[in-house]
Amino acid sequence: MNVLFINIKELIQVREHSVDFISGKDMNVLPTIKNAFLLVENGFIADFGLMEHCPNIAIKTIDASGRMILPSWCDSHTHLVYSGNREDEFVARINGLSYAEIAEKGGGILNSAKKLQETSEEDLYNESKIRLEEIIQLGTGAVEIKSGYGLTKDAELKMLRVIKKLKENYSVAIKATFLGAHAIPAAYKNHKSGYLQMLIDDMLPIIAKEKLADFIDIFCETGYFSVKDTAQILKAGQKHGLRGKIHVNQFTAIGGVEVAVQNKALSVDHLEEMRTEDIEALKNTKTMPVALPSCSYFLSIPYAPARKMINAGLPLALATDYNPGSTPSGNMNFVVATACIKMKMTPEEAINAATINGAYAMNLQEKVGSITKGKLANLILTKKINSYNFIPYSFGNHQIESVFLKGNEIKKA
Ligand code: NIG
Ligand code: FE
């Protein structure tokens, strides 16, 4: 699709040269061009600059007067393929049960797994695509989706095939992650090592052969999988070319961050509980810390200590964690606002975290995440706003007038 945007009040997240990710103090710098144009050719960003240098060409032109353009949100952590919902557990938590107590009673991840096992691939696809379409309208232009609510060979493969079908049918960029080690299924209750071995011996070779996943994940947490299990899964993934993106330090800090770094994981996600040594382990590495503030909000657990991490020179990405248990929301606008309000990130830091750093956490930094020539024209056109600070300021709302994927406007269904 070819289109020329003119009179853009402010073009946000402009990077002349592609960067991998932004860390530390640099996160507080958000490069922009005021009164700009943006040229899209064949779905890619072909040119941009000041209006006074705008080319005079006869193609479809959109006048963006008073409005801003930024790269689409990059949501590097979701579980949006799932079956049914868990609002009954939500009410149980309001009435005093904890997330852990609900899980012990057979709720939680095992509850979602039971529902998913009983759902056909077609129904699962149809349920999930509604959520995908919804987050596209909320400005997400690249998303990672995990398995992990199957917990049997058939059901995990069903989830991964649904993700593959979403990839084929939608122009949003999608990456898939194999999270077989999300919980220990009832059939393996006292035989965790057998379950892990099944994932590694029976499932990984099929997943690799059919190219059903880009990454591998494990829930490294007290009561779920240990640091040793995490090392085993990360190493098994490496053998099949799958880098780790792991759930770690959500409720307890048990050393998973260090093991993730040692095994060159692409990202470590959650990080609500961060010790000094976890921050140290991440310094000068290629592992992206990912915070999930809407999970903290929904479960009323601590927020990842963004200030501590950024002040220590680390990069940080923001993602939703969209899932039926801990975060039934895929709204990156809320994530960005909550990061500013609750984690004291500046709007510049939050926007960097939700775009270029999120892209890196999916290994998509060369395709999306900034306004850079050659990247996909996955874009957010805002409503008329005074400054980009209004985006997080207007929390619970969004400032999106329209969204574009590969230069095509995506109209509401
Ligand atoms: O990222 N923590 C592990 N997994 C999900 C929640 C799973 C669930 O409750 O269904 C998360 O928060
Ligand atoms: Fe998650």
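When a ligand or atom number is given, it counts from 1 through the structure's own listing order. Hydrogens, waters and symmetry mates play no part in the numbers below; they use all other heavy atoms, side chains included.
- Note on ring orientation: taking the six-membered ring where Trp is involved, the planes of Y82 and Y322 are perpendicular (angle over 60°, cut-offs 30° and 60°).
- Looking at Q13 and L30, their side chains come closer than 4.5 Å, going by heavy atoms from C-beta outward.
- At least one side-chain heavy atom of L196 sits less than 4.5 Å from a side-chain heavy atom of F225.
- Taking 2.8 Å as the limit, the number of protein N, O or S atoms around the Fe ion (ligand 2) is 4.
- A heavy-atom distance below 4.5 Å is found between the side chains of Q232 and Q197.
- Using a 4.0 Å cut-off between charged nitrogen and carboxylate oxygen, E280 and K283 count as a salt-bridge pair.
- Using cut-offs of 30° and 60° on the angle between ring planes, the pair H77 and H247 is perpendicular.
- Ring centers of F251 and Y224: at least 6.0 Å apart, outside the cut-off.
- Around ligand 1, the residues contributing at least one heavy atom under 4.0 Å from the ligand are H77, H79, R86, Y99, I109, Y149, H182, F219, H247, Q250, H270, D321, N323, G325, S326.
- By the 4.0 Å N-to-carboxylate-O rule, R307 lies close enough to E349 to be salt-bridged with it.
- Here the rule is side-chain hydrogen bond (donor to acceptor under 3.5 Å, both in side chains) with Y388, and of Q399, E348, E10 only E348 fits it.
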